[in-house]
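Hydrogens, waters and symmetry mates are skipped; everything else that's a heavy atom, side chains included, is used.
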Amino acid sequence: MSPSAAERRFAEHRGLLHAVAYRVLGSVAEAEDVVQDTWLRWSRVDVDTVVDAEGYLVRVVTRLAIDRLRSARVRRESYVGPWLPEPLLTSPDVAEDAVTADSVSTAMLLVLETLSPMERAVFVLNEAFGYSHAEIARVVGRNDTAVRQIAHRARKAVEARRRRYDTDQATRRQAAERFLAASAGGDLKALMEVLAPDVTMVSDGGGFTAAPRKLIRGRDRVARAIVVLSRRWPDGSRAEVCQVNGGPGMVVYSGHTPVLAATVHLLDGAIEEVHVVSNPEKLAGVAL
């Protein structure tokens, strides 16, 4: 097979490979690295002999992602302040599928952080992409029985930790727009009207920005923290409501450069949880 044909076969599956890697790793940059490493392996294979290109590529990208996640966990132990998944701009198609949108939400990705790398990969392949236990067994190199046990353990752990948030996109977008307007205007009263009484905010600045280094809880404290953060936006910056991680979120741009991304999670129409990423090394996924 010519190199161009090999590239075309890889390109057919590139979106899927990145989607798997991102959900396993919670990092745009690391997912892209893993996909690139997968391509390097694919380019050295006689692809004419590969009957199931998708199966082969998903197996390679998953195993590389599991290895990468194991080393990433060690690095995150010395991370400055709270660690959040890297925000990612997603298409409206993702938002229309509740299961797909949930699988890429920052809230779900944080829950997945509590799983072992193997549990996380099995859960992602089964729940987000619908692979059978037999198919996953071939991907991760375990037998069917072992994969079923891992999947059961992972599902049980996720159900114990996840919170069910509002999924209606119109409600979520309206809340995001109100949140953006109040944040951009430094309007404390308007912010408090859109926040739930027991709202929490987690900020990830990675030590590069003046983001709070501890979780903030309560409507008044969160609203005041957001007003303080908004006053630190660069002069001339603009905030936009965008589809971030499967739902409406907010991205602040200085020119074409993103300086902050926020995702909000609603319960009964009020914002219950706010995730803010301002670490400049983690904003490539929301760049224009």
The reported gap from OG in Ser27 to CG in Leu88 (rounded to nearest 0.5 angstrom) is 10.5 Å
Please determine whether salt bridge (Lys or Arg N to Asp or Glu O under 4.0 Å) holds for the pair Lys189 and Glu193, giving the CA-CA distance in whole Å, both sets of side-chain angles, and the decisive distance to 0.1 Å.
CA-CA 6 Å; Lys189 182 176 181 293; Glu193 288 175 352; 2.7 Å; yes
Where do Val286 and Glu86 land on the side-chain contact (heavy atoms from CB on, under 4.5 Å) test, with the steps shown first?
CA-CA 9 Å; Val286 292; Glu86 291 183 21; over 6 Å; no
In terms of heavy-atom contacts, Ile216 and Val222 come closest through O-CG2, 3.6 Å
Hits for side-chain hydrogen bond (donor to acceptor under 3.5 Å, both in side chains) against Arg238, two or more places apart or cross-chain, chain-then-number order -> Glu240
Across all chains, not counting sequence neighbours, the side-chain hydrogen bond (donor to acceptor under 3.5 Å, both in side chains) partners of Arg164 are Glu159
Residues pairing under salt bridge (charged side-chain N to carboxylate O under 4.0 Å, His left out) where one sits in residues 253-273, two or more places apart or in two chains, turn out to be Arg163-Glu272
Output for pair (Met108 CE, Ser103 OG), nearest 0.5 Å, gives 8.0 Å
Of all heavy-atom pairs linking Tyr22 and Ala31, the shortest is N-CB, 3.6 Å
Open item on the list: Apply side-chain contact (heavy atoms from CB on, under 4.5 Å) to residues Asp37 and Arg68 and explain how you reach the verdict.
Closed with: CA-CA 11 Å; Asp37 289 345; Arg68 179 68 69 102; 3.8 Å; yes
Heavy-atom closest pair (Pro117 atom, Arg70 atom, distance to 0.1 Å) is CG-CG, 3.6 Å
Quick one, Val251 and Leu260 - any side-chain contact, counting heavy atoms below 4.5 Å? no
Closest non-hydrogen contact found for Arg9 with Ala53 is NH2-CB, 3.2 Å
- request: For side-chain contact (heavy atoms from CB on, under 4.5 Å), just list the numbers for Val202 and Val274, CA-CA rounded to whole Å, side-chain angles, deciding distance to a tenth of an Å, and then say yes or no.
  value: CA-CA 6 Å; Val202 181; Val274 183; over 6 Å; no
In the structure I gave you, are the side-chain heavy atoms of Asp102 and Arg162 within less than 4.5 Å of one another anywhere? yes
side-chain hydrogen bond (donor to acceptor under 3.5 Å, both in side chains) filter on Gln149, not counting sequence neighbours, yields none
So if you build clusters from Ile, Leu, Val, Met, Phe, Trp, Tyr with side-chain heavy-atom gaps below 4.5 Å, do Leu17 and Val28 land together?
yes
message: Donor-acceptor check, side chain of Gln36 to backbone of Asp33, threshold 3.5 angstrom: yes or no?
response: no
*Decide, yes or no, whether a salt bridge links Glu177 with Arg173 under the criterion of side-chain N to carboxylate O below 4.0 Å.*
yes
So the salt bridge (charged side-chain N to carboxylate O under 4.0 Å, His left out) pairs with at least one residue in residues 126-143 (sequence neighbours excluded) are Glu127-Arg155
Q: Evaluate whether atom CZ of Arg75 has more than 12 neighbouring non-hydrogen atoms of other residues, nucleotides or ligands under 6.0 angstrom away.
A: yes
CZ (Phe10) and OH (Tyr56) are apart, to the nearest 0.5 Å, by 10.5 Å
Glu12 meets the side-chain hydrogen bond (donor to acceptor under 3.5 Å, both in side chains) criterion, sequence neighbours left out, with none
Applied to residues 279-288, the salt bridge (charged side-chain N to carboxylate O under 4.0 Å, His left out) test, sequence neighbours excluded, yields Asp204-Lys282
Between Ala137 and Val147, the two heavy atoms sitting closest are CA-CG2, 3.6 Å
When rounded to the nearest 0.5 Å, the distance separating CD of Gln174 from CG of Leu266 is 9.5 Å
Self-check item: Side chain to side chain, Leu215 and Pro82, heavy atoms closer than 4.5 Å
Solution: no
Residue pairs meeting salt bridge (charged side-chain N to carboxylate O under 4.0 Å, His left out), one or both in residues 212-222, sequence neighbours left out, come to Asp220-Arg224
Should Leu64 and Glu30 be marked as a side-chain contact (heavy atoms from CB on, under 4.5 Å) after you check the CA-CA gap, both sets of side-chain angles, and the distance that decides it?
CA-CA 10 Å; Leu64 289 174; Glu30 290 180 332; over 6 Å; no
Are any non-hydrogen side-chain atoms of Val35 and Arg14 less than 4.5 angstrom apart? yes
Separation between CG (Leu69) and CZ (Arg76), nearest 0.5 Å, reads 6.0 Å
Residues pairing under side chain to side chain donor-acceptor pair (under 3.5 Å) where one sits in residues 250-263, two or more places apart or in two chains, turn out to be Thr106-Thr263
The ring-ring contact (aromatic ring centres under 6.0 Å, His included) partners of Tyr131 (sequence neighbours excluded) come to none
ask   = Is the backbone N or O of Asp168 less than 3.5 Å from a side-chain atom of Asp166, with the two atoms forming a donor-acceptor pair by type?
value = no
- Query: Any side-chain heavy atom of Thr209 within less than 4.5 Å of one from Asn279?
  - Reply: no
For Arg23 and Ala121, indicate whether the former's side chain and the latter's backbone hold a donor-acceptor pair under 3.5 Å. no
Quick note, ring-ring contact (aromatic ring centres under 6.0 Å, His included) partners involving residues 216-240, not counting sequence neighbours, are none
Contacts satisfying ring-ring contact (aromatic ring centres under 6.0 Å, His included) that involve residues 141-183 (not counting sequence neighbours) are Tyr165-His265
Original post:
Under 4.5 Å between any side-chain heavy atoms of Arg63 and Arg59, yes or no?
Top reply: yes
- Query: Under a 4.5 Å side-chain heavy-atom rule over Ile, Leu, Val, Met, Phe, Trp and Tyr, are Leu40 and Ile66 clustered together?
  - Reply: yes
Would a single hydrophobic cluster contain both Val104 and Val111, if residues Ile, Leu, Val, Met, Phe, Trp and Tyr are joined by side-chain heavy-atom contacts under 4.5 Å?
yes
ask   = Is there a path from Val244 to Leu25 through hydrophobic residues (I, L, V, M, F, W, Y) whose side chains come within less than 4.5 Å of each other?
value = no
Separation between OG (Ser105) and CG (Leu110), nearest 0.5 Å, reads 8.5 Å
* Close side-chain approach of Val139 to Leu125, heavy-atom, < 4.5 Å -> yes
Margin query: Counting C-beta onward and ignoring hydrogens, is there a side-chain heavy-atom pair between Pro87 and Leu283 closer than 4.5 Å?
Written below: yes
What one should report as the nearest heavy-atom pair of Val24 and Arg120 is O-NE, 2.8 Å
Hydrophobic cluster membership, with links at side-chain heavy-atom distances under 4.5 Å among I/L/V/M/F/W/Y: are Ile226 and Val277 in one? no
